[in-house]
Amino acid sequence: MTASLSRGGAAVGKLSDLSPIEASAVLYLRLWGDATARKDIACKIGVDLGTGPEAVAMMTIDRLCALCAHHGRRPLIRHQVGCSCLGADENCFAQMIAAASEGAREDAMMMATLIVRPDFAPALTALSEELGLALRRMTAPQPLPSTGHLSPSAALH
């Protein structure tokens, strides 16, 4: 393994230390790299998920990872799907997605230039925003349905 490849795979943390959006981004990246898992997910998206946020996330991750694979500075190093470690490349990827999901486009663009050639960084940033927003919708707590009626204690105040 070359020095640049070993650096990209070096453990820099744990998945449990990441936010839900960051951890989801890493999981999707790992799943994309596993051919069997990718086929299973593609079937599930086609049959079960329709056009929901999970389907959008998987379609976007496919375009995003294809861009990284074809125009990356070097191959992104991914840990196994079940690994609890966080690799250096995975962390950069997760931070890029998180920054893009928060509207920090310049930060996401800076991280994109670490992953792909500079001329492809704007496209990677745009896909990162798309994926980040889909992951944000997936990981956001769902509010409880409201009946439109005030509770007795709220009516008194």
Side-chain angles (χ1 to χ4, degrees), residues 1-46 49-142:
M1 187 179 281
T2 67
S4 66
L5 292 178
S6 62
R7 268 195 309 269
V12 296
K14 295 199 165 284
L15 279 177
S16 60
D17 295 334
L18 298 178
S19 73
I21 289 173
E22 295 162 345
S24 296
V26 171
L27 179 60
Y28 276 102
L29 175 65
R30 289 177 179 182
L31 289 170
W32 186 86
D34 182 329
T36 304
R38 194 178 341 164
K39 286 180 188 175
D40 291 344
I41 292 166
C43 290
K44 186 169 179 61
I45 287 172
L49 300 179
T51 59
E54 294 89 354
V56 171
M58 275 313 296
M59 288 184 278
T60 304
I61 196 80
D62 191 48
R63 295 190 331 241
L64 199 151
C65 289
L67 179 66
C68 291
H70 291 104
H71 303 290
R73 293 180 171 275
R74 60 173 174 71
L76 283 177
I77 306 301
R78 298 173 303 273
H79 287 225
Q80 297 297 316
V81 173
C83 182
S84 64
C85 294
L86 175 66
D89 285 354
E90 293 172 330
N91 187 51
C92 184
F93 184 84
Q95 298 307 312
M96 175 183 68
I97 300 300
S101 80
E102 295 166 357
R105 195 166 212 285
E106 290 177 353
D107 289 346
M109 179 80 82
M110 178 189 63
M111 288 177 256
T113 62
L114 299 173
I115 297 171
V116 295
R117 294 184 353 214
D119 52 331
F120 285 96
L124 185 61
T125 302
L127 288 169
S128 296
E129 288 172 332
E130 190 176 325
L131 177 62
L133 292 174
L135 294 176
R136 186 171 291 281
R137 285 189 297 274
M138 289 167 50
T139 60
Q142 298 298 317

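Source: prediction; values computed, not measured.
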All heavy atoms of A23 vs all of L15, minimum pair found to be CB-O, 4.3 Å

To the nearest 0.5 Å, atom CD of E130 lies from atom CD1 of I97 at 10.5 Å

So salt bridge (Lys or Arg N to Asp or Glu O under 4.0 Å) across residues 105-121, not counting sequence neighbours, yields R105-E129, R117-D119

In this structure, OG of S128 is separated from CE of M96 (nearest 0.5 Å) by 3.5 Å

All heavy atoms of A25 vs all of F93, minimum pair found to be O-CE2, 3.6 Å

Looking only at heavy atoms, the pair that brings G8 and R74 closest together is CA-NH2, 3.5 Å

Keeping D89 on the side-chain end and L76 on the backbone end, is there a donor-acceptor pair under 3.5 Å?
no

Item checked: Any side-chain heavy-atom pair of L86 and D17 under 4.5 Å -> no

Worksheet item: Do N91 and L18 come within less than 4.5 Å of each other through their side chains, counting heavy atoms only?
Response: yes

(message) So L64 and Y28, do their side chains get closer than 4.5 Å, heavy atoms only?
(response) no

Residue set satisfying side chain to side chain donor-acceptor pair (under 3.5 Å) with R136, at least two apart, ordered chain then number -> S101

Heavy-atom closest pair (A94 atom, V26 atom, distance to 0.1 Å) is CB-CG2, 3.7 Å

Given the options R30, K14, R78, E90 meets salt bridge (Lys or Arg N to Asp or Glu O under 4.0 Å) only with R30

Output for pair (S19 OG, Q95 CD), nearest 0.5 Å, gives 7.5 Å

Between the OG atom in S24 and the CG atom in L29, the distance rounded to the nearest 0.5 Å is 12.5 Å

Rounded to the nearest 0.5 angstrom, the CD1-SG distance for I61 and C68 is 8.0 Å

Looking only at heavy atoms, the pair that brings R73 and T113 closest together is NE-O, 2.6 Å

What one should report as the nearest heavy-atom pair of W32 and A69 is CH2-CB, 4.4 Å

Verify, without hydrogens or angle tests, whether H71 (side chain) and L67 (backbone) share a donor-acceptor contact under 3.5 angstrom. no

- Is the shortest heavy-atom distance from the side chain of I21 to the side chain of E102 under 4.5 Å? no

Taken in chain and number order and not counting sequence neighbours, the residues that satisfy salt bridge (charged side-chain N to carboxylate O under 4.0 Å, His left out) with E22 are none

Close side-chain approach of M109 to P118, heavy-atom, < 4.5 Å | no

- Message: What I'd like to find out is whether the side chain of L131 reaches to under 4.5 Å of the side chain of L127, using heavy atoms alone.
- Response: no

